[in-house]
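The structure appears below as structure tokens.
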Amino acid sequence: MALVFQILDVDYFLNGDKPVVRLFGRSDAGNAVCVLCRDFLPYFYIRPKNEEALDDVKEILSIEEAEKLLAIGYSTKKTRLLKITISKPQDVPMIKEQLLSQGIAEEVFEADILFKNRFLVDHDLHGMQWAEADVVKTSTSTVKVPAFEMKSIKPMDRKDNAKLSILSFDIECVPSDPNRPLDSKKDPVVIISLSFNVPYRGTTSIVQVAKPVNGKGLQGFPNEKDMLEGFLRVIDEYNPDIITGYNINTFDIPYILERMRVHGIPPMLGRCKDKPAYNKSTGVTQESIIPGRVVADPYQILKRDPRIKFSRYDLNTICKVLLGDTKMDVEYREMPKLWNGPLEGVLRFAEYARKDAELNLRLVVEKDMLSNFIEIAKVSGTVMQDTFGGQTLRIDNMLLYEFRKRGYVLPAKPDANLMNKRTNEREKAGLKGATVLEPKKGLHAEGCILVMDFKSLYPSIMRTFNTSPDSLLVDDSVGEFYTSPTGAKFVPASVHEGVFPYIVGKLLDSRSEVKGQMKDADGEMKKILNARQYALKDLANSFYGYTGYLRARVYDIRVASTITAIGRENIEKTKDLIENNFDIEVVYGDTDSVFIKTKTTNLEDAKKIGEDISKFVSERLPGFLTLDFEKIYRTFLILTKKRYAGWKFEFGKNGWEDSIEMKGIETVRRDWCKLVSETMRTVLDIILKEGDLQKAVNETKRVIIQLRNNEIDFDKLTVVKGITKSLGSYDGMLPHIELARKLAQRNPHDPPKIGDRLGFVIIKGNQMLSKRAEDTKYAKDNKLQIDSDYYINSQVFPPVERILSSVGVEKSEVFGSGRQSTIADIMFGTKRKMKHEIAINYGTVAGWEGLVCQKCAKSHPRMPLSGRCECGGPLLFSYQGSAAQKVVTE
DNA sequence: TGCGAGCGGGG
DNA sequence: GTGTACGCTCGCA
């Protein structure tokens, strides 16, 4: 029969001496299924040295001749290799070592490719892809879901996803000794909360409690052991495809596995009866594996997402920002009291746990956190679980598909020796990075700044110059070649299109196509397509980094350094093209962007100039390189390379929308009090939106005076820090730890405990700084004096000073000790301008007819400089005479 | 400015 | 599991 299913996870088990591959998935009919393949064996390639000796290696099942191309260095000459097939995947490393150490093989290829990946690549299958298999129903004692024997399998061209069931869970534990950290060997799990996207027995959440409680949505158990068994029963019955939870990879799963071990419960959380869930921790990275399911941890996903950064990554902060909801208010130190106290407390604790599991599920579902990974799996071919790791496996897999198709073998991952060699080589030759153009420092307020980007710079360079390890010319076999700025030579695509440029090109072309399809799509499909276009871009962009990554299989510094060298040449060339052909100045640029200062304050005109420059430059850049007009900054303040702020204007659905954009200038930092962030933002706002440097200075002075006069609320001066270990184990002097010691003395029966977060201010005194940290509330209640010099000199002033000095304001001006000149004034005798006129002209945008006053209805063809009507009323964009849409100024 | 240590999330 | 993998922020020189 034909079974159509989406491939969720792949592994294998041994049946006697032979591997049996298991494909776990969701069938078209919506059932969890497992497809078994018994006729696939592990193999690898060797370049033989002593062929006869192969006969003595008893594990080898067969030896075949194979003529293959090698991935580094262009050549049409195939190398004679032998394909070695053995029986057990886990024997491969051992046999590989033996062949090398006994001088039987000169070199080994593809002996370090995981069996599941080998299977997928060789069958042209991808993770999360739909497949159609010819199967017969079978029975096996190894899995918990219906199983089928596979006769054949082929990939399908389907974009949709099966309805995946998701279980979100959270555990609560209480330490037996509140002064010591939790110990999974001793301290029990007391509560497990579960939340389901597809309802389980008609409910969306359950809380399991290791006490004989009962109630709605509650399951009471006599003890921890029974509860853990109950947890396994629910997982088995619900049978989720995805298991999720906040920080489950490094906390909940390893903890619960240890508790199961203590109680002698086999941790069969997956879809197999023969393979337990386990946690692999390597260095600091921990990952939990549950066979047949996918473990997704929003904490790790969010932390690694380059698109958004959060100030903190705790569940509460994340939910506040993303969902507008918060955790229930239960402090860690309260938990033992709740658990050991009266019933109401236990129930409150249970509801707290329920909400955590629910919040996490909402993050996954409402924020659509898995779609990107599903699409990355579909494109790169790895199973979904492996998409949560790094870029390397994704690229290795994509390279394996393509190189294999073209008759190449991939080199092995580098061993310690090769890594050393690469490191040394790099230290000698150096891998030069990108160019950052020297910024014209200070405030640019006279005209709009255009921000222009090279679209997909490194992928475009790869495509244009055919830079790829397999097109790198290492001999004189070809007369026609391109010589890069570093001297490396590449054959043209007409001779041989490199695998890297080919894949990158396919990804980017496919992305354009998907973006086209998105226009006609809606609902679920639009989400999928959007995730897909992002995955395609993300994957295309990671190929350059791979060529220069020391651990890559197909590392080649000549390729990596060629790409950055072309990038550097490109940005310089572009700067010249712009400055030589337009009466305009490039004030900054970094890697793939240039910032251009126009002479107009009219946003429309600026936009037009941006489009003209984009067209002009793109026509003159080679191949796939294009310069796109990205956005307008009306004003632009640059402190140093990579640190700047701009008043951004973008034309959106509701007309011109403005915001302050900052790069590299941090206004929020954990060790800064609120006052610092507030002052910085105010100062930046005044400079960028009003151009009034004197006002910015005055504002800074005002804050300093308020600090001296004790007029600032202590809450704005508070810094919060947590106690992470026992007080005795801190060596250095830290303010919050000294405070914790003080509080413990003050209140011996309720001292601060591990996990507590202390908010403190620094008060006046002669002791060293860390001894002067004081609890904010205590300081307030006892009317203590804050150390205003500390707040001025160590908190507020340094970051604000960096901003002010970039526009030429001297420290002495802020502190008022007489009017002194800046160094620039002394050198050039120019008086610095304290007030910059910030005129804005919004222009008229196609489709929009003009502006209309909300108060007197007078129409204006252009935005007046004041931003308001003569009558003082706010101006709205008018469209086709009537419909006013949005206030455009404040 | 560059380096080495230390911590994050969870309970 | 045909393994071997962080990344930022801070304090200090």
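The sequence lines fix the lettering, A, B, ..., with proteins before strands; numbering per chain opens at 1. Hydrogens, waters and symmetry mates play no part in the numbers below; they use all other heavy atoms, side chains included.
Looking at A:D356 and A:S193, their side chains never bring a donor and an acceptor atom within 3.5 Å of each other.
Between C:dG1 and C:dA5, the distance separating the two C1' atoms is 14 Å to the nearest Å. Using P as the reference atom, C:dC10 and B:dG9 are 13 Å apart when rounded to the nearest Å.
Taking the centre of each ring, A:Y45 and A:F109 stay at or above the 6.0 Å mark. Less than 6.0 angstrom separates the ring centroid of A:F169 from the ring centroid of A:F231.
The interatomic distance linking A:L400 (CG) with C:dT2 (P) rounds to 15 Å, in whole Å. In this structure, CD of A:Q385 is placed 19 Å from P of C:dG3, rounded to the nearest angstrom. Between A:N249 atom CG and C:dC6 atom C1' there is a gap of 14 Å when expressed in whole angstrom units. Rounded to whole Å, atom C1' of C:dG1 lies 15 Å from atom CD1 of A:I95. The CD1 atom of A:I737 sits 13 Å away from the P atom of C:dG11 (whole-angstrom rounding). Taking atom NZ on A:K309 and atom C1' on C:dC8, their separation rounds to 10 Å, with Å as the unit. What separates CG of A:D396 from P of C:dT2 is a distance of 15 Å, to the nearest Å. Rounded to whole angstrom, the span from the CZ atom of A:F119 across to the C1' atom of C:dG1 amounts to 18 Å.
Using a 4.0 Å heavy-atom distance criterion, A:P89 is classed as a base contact. No contact: A:K721 has no heavy atom under 4.0 Å from any strand. Residue-level contact check: A:Y12 touches the backbone only, with heavy atoms under 4.0 Å from sugar-phosphate atoms and none from bases. A:E110 comes within 4.0 angstrom of a nucleotide base, judged by non-hydrogen atoms across all strands.
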Less than 3.5 Å apart, which donor and acceptor atoms pair up between the side chains of residues 346-355 of chain A and the rest of the protein, not counting sequence neighbours?
| from | atom 1 | to | atom 2 | distance (Å) |
| --- | --- | --- | --- | --- |
| A:R348 | NH2 | A:D329 | O | 2.6 |
| A:E351 | OE1 | A:R354 | NE | 2.8 |
| A:E351 | OE2 | A:R354 | NH2 | 3.1 |
| A:Y352 | OH | A:K327 | NZ | 3.2 |
| A:R354 | NH1 | A:S205 | OG | 2.9 |
| A:R354 | NH1 | A:G217 | O | 3.4 |
| A:R354 | NH2 | A:G217 | O | 3.2 |
| A:K355 | NZ | A:D325 | OD1 | 2.9 |
| A:K355 | NZ | A:T326 | O | 2.8 |

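Between the side chain of A:T285 and the base of C:dA5, no donor-acceptor pair under 3.5 Å is found.
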Between the protein and nucleotides 8-11 of chain B, which nitrogen or oxygen pairs come in under 3.5 angstrom?
| from | atom 1 | to | atom 2 | distance (Å) |
| --- | --- | --- | --- | --- |
| B:dG9 | OP1 | A:Y313 | N | 3.4 |
| B:dG9 | N9 | A:N247 | ND2 | 3.3 |
| B:dG10 | OP1 | A:L315 | N | 2.7 |
| B:dG10 | O4' | A:N247 | ND2 | 3.0 |
| B:dG11 | OP1 | A:D170 | OD1 | 2.8 |
| B:dG11 | OP1 | A:D170 | OD2 | 3.1 |
| B:dG11 | O3' | A:E172 | OE1 | 2.7 |
| B:dG11 | O3' | A:C173 | N | 2.9 |
| B:dG11 | O3' | A:C173 | O | 3.2 |
| B:dG11 | N2 | A:L182 | N | 3.2 |
| B:dG11 | N3 | A:Y332 | OH | 3.1 |

In sequence, state the C-alpha distance, the side-chain angles, and the governing distance for A:Y555 and A:Y546, and then conclude on ring-ring contact (aromatic ring centres under 6.0 Å, His included). CA-CA 7 Å; A:Y555 169 92; A:Y546 181 93; 9.2 Å; no
Passes salt bridge (charged side-chain N to carboxylate O under 4.0 Å, His left out), A:K116 versus A:D386? Steps please. CA-CA 11 Å; A:K116 61 181 174 187; A:D386 291 341; 3.1 Å; yes
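Just one of A:R118, A:R553, A:R551 meets the salt bridge (charged side-chain N to carboxylate O under 4.0 Å, His left out) condition when paired with A:D112; it is A:R553.
A cation-pi contact, defined as under 6.0 Å to the ring centre and within 45° of the axis, is absent between A:K663 and A:Y644.
The phosphate of C:dG1 (OP1 or OP2) has a side-chain N or O of A:Y278 nearer than 4.0 angstrom.
Comparing A:L41 and A:R551 against DNA chain C, the residue whose closest nucleotide sits nearer the 5' end is A:L41. Comparing A:D386 and A:E287 by the nucleotide of DNA chain C that holds the closest heavy atom to each, the one mapping nearer the 5' end is A:D386.
Side-chain proximity of A:K280 to the nucleotides C:dG3, C:dG1, C:dT2 is greatest for C:dG1.
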